[in-house]
Amino acid sequence: MELLADLTPAQKTAVCHQDGPLLVLAGAGSGKTRVVTRRIAWLTEQGVKPWRILAITFTNKAAEEMRERVHELAGSEGAWVSTFHSFAARQLRRFAERLGMPSSFTIVDRADQLALVKEAIIEVNLEPKQWKPRAILEEIGRAKGQMLDCEAYSEQATGYAEDRIAAIYRAYEELLQQRGCLDFSDLLVKLVRLMQTDEEVLQRLQQRFRYLMVDEYQDTNPVQYKLARLLAAHHQNFHATGDPDQSIYRWRGADVQNILDFENDFPGAQVVKLEQNFRSTRQILAAAQGVISHNTQRREKTLWTENPHGAPVRVSTYVDDFDEARGVARRCAELRRQGTPLGEVAVFCRMNSLSLPLEKAFFEKAIPYKVVGAVAFYQRKEVKDVLAYLRVLENPQDDLSLMRVINVPPRRIGRSSVAKLLSLAKREKLSLFELLTSYEGLEIGRATRAALRFGAMLARLRDLPRDFLLPLVRTLLEETGFVGYLEGQADLQAEERVNNVGALVDAIAEFDERATPLDVSPEDPDGPIEAPVPSSPLQRFLEEVALLAEADDVEQKDERVSVMTLHASKGLEFDHVFMVAFEQGILPHSRSADSDDELEEERRLCYVGFTRARKSLELSYARWRARWGRNDMAVPSPFLNEIPSSCFEHSKRAAPLIQTPEVGPEAVDQGCFSVGERVFHDVFGEGLVMGISGLGARARIEVQFDIVGKKTLFQQYAKLVPCE
């Protein structure tokens with residue numbers, strides 16, 4: 001009875017269910033882990049042998065925590081608590097000989113998989129530079145997730161590209177088999193196929209595990225779904241726990257229909273709804289319910305709580321993304337002054353690239369923070385690559401940075417060629433930059449021409465003006481083809497990498513604004529009030545970045561604000577949550593515009609973010625958001641209109657909520673000028689205003705001057721006056 005003493009009636013019903021299928025629809029913060037662990041303990045008290053129970057969850061950490069709780073409750077061990085992959089690996093080692101493979105097989109990681117795919121591409125006489133290993137590996141993974149082996153994939157292939165991928169897939173599988181290896185997808189696929197074709201194995205597993213529990217059932221993919229159904233097919237003692245409203249992994253194969261079809265798959269299943277929330281205030285729950293209720297792919301349930309009513313959800317409007325980041329940093333500072341531990345504060349972004357303004361604002365305000373589930377912005381590979389180029393342009397003696405990018409994007413300058421260059425540079429007492437740009441008679445074999453082309457490009461880039469960084473970095477990206485290189489990787493992270501480079505361009509544009517106005521040198525007395533400094537703007541920018549990046553590596557002994565994506569927030573909770581960039585095209589993502597299924601997943605992602613908050617939830621959007629050095633108009637997320645009006649309030653500095661996404665923000669304050677107006681500048685003389693973009697201090701004015709031609713000036717510094 002102690003196991004049931006502190007449970008709600010719905011939780012008791014789920015815990016005390018013994019035989020037959022059971023579906024527990026567990027709302028956010030409703031204590032589902034407590035139900036799973038108590039049920040394992042309760043079953044053992046009823047005489048079920050612990051080793052007859054198999055509980056599957058999605059992470060090793062969750063499995064370990066569950067094992068510890070069960071041990072504390074039942075005082076005994078023996079129940080299998082595992083992830084899908086760990087369970088499959090253990091069973092495959094038991095039955096390896098039936099698959100014609102050694103029980104000591106190696107599970108290859110992603111780096112090894114990529115190497116094998118590259119080798120497979122060469123095996124079928126294709127060029128790895130054209131057939132991107134990462135993209136091929138993603139396609140093989142998708143095929144395995146759909147239970148398609150190389151033969152089945154080949155049979156359904158249409159066109160030359162898919163035929164070639166099928167050949168690479170077959171060669172990849174042969175290499176794995178030759179070397180006694182399995183990849184992560186193989187673990188599940190091979191176990192399912194073994195159970196489907198070997199009746200003895202199927203019966204042994206079904207008899208061994210008479211009670212099956214699967215947590216987060218809404219996140220299962222087709223292979224996991226088939227494995228669970230096979231294990232439970234005989235005894236039907238299948239306890240699935242999950243929440244269709246929190247299914248947010250469609251992009252990696254999860255199918256929400258698995259949990260929605262549970263009663264069709266297991267007729268007569270008992271369904272228990274856990275609707276009492278122990279985490280959030282009533283206002284937060286009402287806001288979350290208002291949004292998710294617009295979905296159709298769900299099971300109806302309404303979260304409620306005995307927690308306090310709480311403050312309304314706060315909605316703030318900012319001028320732009322940097323203004324938004326500073327506003328969030330100010331609010332975090334206020335919470336800290338009020339005694340809130342920063343470890344109880346989180347900021348959620350739809351994607352990693354949105355974290356840069358936040359990291360900068362927290363650094364400036366000396367607010368400790370950590371980027372959860374991702375590498376800190378300036379430590380991300382693609383960002384470090386662009387910065388390495390800039391470091392070489394500023395300091396040609398920086399061989400380390402040059403070595404980082406000598407073959408990024410790929411230029412056919414391999415390791416042996418780099419070794420020859422280093423040896424020659426050492427002999428001639430030259431930097432690599434000098435060797436590539438000015439050494440006569442360079443000869444390193446087949447890579448000579450590529451090395452000279454690379455050197456010529458670096459020389460051209462270094463000859464460009466470096467007083468203003470935005471034109472420099474744009475030219476650099478164009479000359480190197482860096483963005484096209486990232487886009488060509490064609491894997492699940494390619495878009496994120498491109499977005500990260502775009503965010504870096506935005507940071508450089510913002511630096512230009514702060515450092516000096518366009519077209520005016522720091523020494524010009526008509527420029528900004530700033531004393532000349534010995535270091536160049538590029539050097540100052542790189543120093544600023546280095547200090548920020550260094551701060552990321554400092555061990556923080558006190559608690560820090562957590563910055564993370566919405567996907568990374570799943571399963572976590574915080575007293576205070578900020579959700580930034582709550583805008584159309586970001587949340588919901590632009591990809592969801594033409595797909596009802598995608599839009600519903602975006603709404604579920606929003607719901608997950610809302611329900612991480614215990615005490616307060618703050619949403620924010622900007623009127624303008626920087627994208628690739630431009631300020632684009634931003635439109636508030638349509639999800640704002642799905643929140644009941646009684647649940648939210650605007651902050652004092654917020655503009656009125658826009659009721660329809662099609663109606664853009666109010667007209668931009670463009671100062672005292674208008675397109676077509678004649679203006680005068682002290683340095684450039686008279687000209688005609690051709691265009692105005694941006695807002696306030698960041699507004700840009702494009703002027704066609706009579707003598708010097710077209711110039712783009714920042715309104716804050718331009719000191720333009722209307723002509724008489």
Taking only residues two or more places apart in sequence or in another chain, which ones pass ring-ring contact (aromatic ring centres under 6.0 Å, His included) with Phe209?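 ring-ring contact (aromatic ring centres under 6.0 Å, His included) list for Phe209, sorted by chain: Trp80, Phe87.
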Which pair of non-hydrogen atoms, one from [X] and one from [Y], has the smallest distance, and what is that distance?
X	Y	value
Leu356	Ala507	CD2-CB, 3.4 Å
Leu566	Gly609	CD2-CA, 3.7 Å
Gln218	Gly242	OE1-CA, 3.1 Å
Val223	Gly145	CG2-O, 3.2 Å
Leu390	Leu538	O-CD2, 3.8 Å
Thr437	Ala459	CG2-CB, 4.1 Å

Considering residues, nucleotides and ligands other than [X], do more than 12 of their heavy atoms fall under 6.0 Å from its [atom1]?
X	atom1	value
Asp597	CG	yes
Arg98	CZ	yes
Gln207	CD	yes
Gln156	CD	yes
Asn264	CG	yes
Arg90	CZ	no
Arg460	CZ	yes
Gln177	CD	no

Main chain of [Y], side chain of [X]: is a donor-acceptor contact present, judged purely on distance under 3.5 Å?
X	Y	value
Glu601	Tyr249	yes
Glu443	Gly445	yes
Gln206	Leu230	yes
Glu496	Ser353	yes
Lys429	Lys426	no
Ser438	Glu434	yes
Thr475	Pro471	yes
Ser592	His589	yes
His567	Ile248	yes
Arg170	Ile165	no

List the steps and the verdict of side chain to side chain contact (heavy atoms under 4.5 Å, CB included) for Leu470 and Leu472. CA-CA 5 Å; Leu470 185 57; Leu472 174 65; over 6 Å; no
Begin from the C-alpha positions of Val36 and Thr241 and carry the test side chain to side chain contact (heavy atoms under 4.5 Å, CB included) through to its verdict. CA-CA 8 Å; Val36 174; Thr241 302; 3.9 Å; yes
Quick one about [Y] and [X] (side-chain donor to acceptor, distance below 3.5 Å, no hydrogens or angles considered), yes or no?
X	Y	result
Arg193	Gln196	no
Thr448	Arg453	no
Asn258	Thr220	yes
Asp265	Tyr225	yes
Arg497	Gln489	yes
Tyr172	Asp183	yes

Given the ring of Phe266, does Arg229 sit roughly above its face, with NZ or CZ under 6.0 Å from the centre of the six-membered ring and within 45° of the axis? yes
Please tell me if the side chains of [X] and [Y] come closer than 4.5 Å, counting only heavy atoms from C-beta onward.
X	Y	value
Val372	Thr565	no
Asn221	Asp255	no
Arg380	Ser355	yes
Lys144	Glu173	yes
Leu231	Met195	yes
Leu424	Leu442	yes
Tyr217	Asp243	no
Ser247	Asp219	yes

In Å and rounded to the nearest 0.5 Å, what is the [atom1] to [atom2] distance from [X] to [Y]?
X	Y	atom1	atom2	result
Lys420	Leu435	NZ	CG	13.5 Å
Lys190	Asp149	NZ	CG	9.0 Å
Ile168	Asp163	CD1	CG	11.0 Å
Gln246	Leu605	CD	CG	11.0 Å
Ile586	Cys349	CD1	SG	9.5 Å

Candidate pair Glu119 and Leu175, rule side chain to side chain contact (heavy atoms under 4.5 Å, CB included), full reasoning: CA-CA 9 Å; Glu119 190 174 342; Leu175 289 170; 3.7 Å; yes
Begin with the C-alpha distance, continue with both residues' side-chain angles, and end with the deciding distance and a verdict on salt bridge (Lys or Arg N to Asp or Glu O under 4.0 Å) for Asp385 and Arg404. CA-CA 7 Å; Asp385 288 341; Arg404 179 182 179 93; 2.7 Å; yes
Verify the ring-centre separation between [Y] and [X]: is it less than 6.0 angstrom?
X	Y	answer
Tyr485	Phe482	yes
Tyr211	His239	no
Phe262	Phe238	yes

Who pairs with Glu216 by salt bridge (charged side-chain N to carboxylate O under 4.0 Å, His left out), at least two apart in sequence or on another chain? Lys32, Lys570
Step by step, would you call Arg415 with Val418 a side chain to side chain contact (heavy atoms under 4.5 Å, CB included)? CA-CA 5 Å; Arg415 292 181 181 178; Val418 172; 5.6 Å; no
Could you go through the salt bridge (Lys or Arg N to Asp or Glu O under 4.0 Å) check for Arg591 and Glu495 one step at a time? CA-CA 11 Å; Arg591 289 193 303 264; Glu495 183 182 10; 2.3 Å; yes
Got a salt bridge between Glu394 and Arg391, using NZ or NE/NH1/NH2 to carboxylate O under 4.0 Å?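 Salt bridge between Glu394 and Arg391, a charged N being under 4.0 Å from a carboxylate O: no.
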